[in-house]
Amino acid sequence: FVHYRALIFPLLIRAGKPTPFFTFVLALLFCVYNGYLQGRSLSNYAEYPSGWLKDPRFITGFIGWLVGLAINIHSDHILRNLRKPGETGYKIPRGGMFEYVSGANFFGEILEWFGFALACCTIESLAFALCTLFILGSRAKQHHQ
């Protein structure tokens, strides 16, 4: 997913509002630090029993992560194609999970990271899932209003 969000998604979006440089730097620092924290936690401190990949927590978490990823990618596709070239103005997204929640892209990412947290069962992955919930949840509320 990191490759999709960091490399592929920016190339797919059409011209829009520019991102302030300070916001970009803060987001970059957060992602770098979080990636380090997750990687170090999983590679140095997390211990799993030999049958962990068959454990219901891992399987449920992995499925949650996968479903969240699919929702996120599909929702991004819908959002990118809301307006025709040259068209401006607000449009309400339709289709996919947008039929159930107004911030389907946010919902997908939140589901993704809670699935990751369940699959990993580490305090660091849970902390990131909660941060994602609070940050994207507030953004989803703003977009909904």
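Position 1 is the first residue of the sequence, and the numbers go up from there.
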Q: For Glu112 and Asn72, work out which heavy atoms get closest and say how close.
A: OE1-ND2, 3.4 Å

Q: Nearest 0.5 Å, what's the CG-CD1 distance between Leu111 and Ile63?
A: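 Atom-to-atom, Leu111:CG and Ile63:CD1 are 11.5 Å apart.
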
Q: Out of curiosity, Leu136 CG to Gln142 CD, how far, rounded to the nearest 0.5 Å?
A: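 Result: 11.0 Å between the selected atoms.
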
Q: Mind checking the NE2-CG spacing from His74 to Leu69? Nearest 0.5 Å is all I need.
A: 13.0 Å

Q: Would you call Tyr48 and Leu42 a side-chain contact if the rule is heavy atoms closer than 4.5 Å?
A: yes

Q: Take atom CZ of Phe62 as the centre, draw a 6.0 Å sphere, and report whether it contains more than 12 heavy atoms from other residues, nucleotides or ligands.
A: no

Q: For a quick test of reading the model, state the closest non-hydrogen atom pair linking Ile59 to Lys54 and the distance between them.
A: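 Looking at all heavy atoms of both residues, the closest pair is CD1-O, 3.4 Å.
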
Q: What residues, two or more places apart in sequence or in another chain, satisfy side-chain hydrogen bond (donor to acceptor under 3.5 Å, both in side chains) together with Arg57?
A: Asp55

Q: What I want to check is whether the side chains of Gln38 and Asn34 have a donor and an acceptor closer together than 3.5 Å.
A: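 Short answer, yes.
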
Q: For the residue pair Trp113 and Cys131, establish whether any side-chain heavy-atom pair is separated by less than 4.5 Å.
A: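 No - every pair of side-chain heavy atoms lies 4.5 Å or more apart.
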
Q: Same cluster or not: Ile73 versus Phe116, using hydrophobic residues (I, L, V, M, F, W, Y) connected whenever any side-chain heavy atoms lie under 4.5 Å apart?
A: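 Ile73 clusters together with Phe116.
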
Q: Show the nearest heavy-atom pair for residues Pro93 and Leu79, with the distance to one decimal.
A: CG-CD2, 3.9 Å

Q: Should the pair Tyr36 and Tyr33 be assigned to parallel (<30°), tilted (30 to 60°) or perpendicular (>60°) ring geometry?
A: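 Tyr36 and Tyr33: tilted rings.
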
Q: Are Leu126 and Leu133 connected in the hydrophobic side-chain network, where two residues link if heavy atoms are under 4.5 Å apart?
A: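 Yes: a chain of side-chain contacts under 4.5 Å links Leu126 to Leu133.
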
Q: Between Phe114 and Phe128, is any pair of side-chain heavy atoms under 4.5 Å apart?
A: no

Q: Could you see if Met97 belongs to whatever hydrophobic cluster contains Phe106? Use Ile, Leu, Val, Met, Phe, Trp, Tyr and a side-chain cutoff under 4.5 Å.
A: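 Unlinked, Met97 and Phe106 end up in two clusters.
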
Q: Return the CD1 to CG distance between Ile110 and Asn105, rounded to the nearest 0.5 Å.
A: 9.5 Å

Q: With rounding to the nearest 0.5 Å, note down the distance linking CG in Leu28 to OG1 in Thr23.
A: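 One finds 12.5 Å between CG of Leu28 and OG1 of Thr23.
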
Q: Provide the closest heavy-atom pair for Ala119 versus Phe58 in the form atom of the first, atom of the second, distance.
A: O-CD1, 3.5 Å

Q: So if you build clusters from Ile, Leu, Val, Met, Phe, Trp, Tyr with side-chain heavy-atom gaps below 4.5 Å, do Phe30 and Phe22 land together?
A: no

Q: Mind jotting down which residue pairs meet the side chain to side chain donor-acceptor pair (under 3.5 Å) criterion with at least one end in residues 123-133? Sequence neighbours excluded, please.
A: Ser41-Glu124, Thr122-Ser125

Q: So Leu118 and Trp65, do their side chains get closer than 4.5 Å, heavy atoms only?
A: no

Q: For the atom pair NZ (Lys141) and OG (Ser102), what is the distance rounded to the nearest 0.5 Å?
A: 12.0 Å

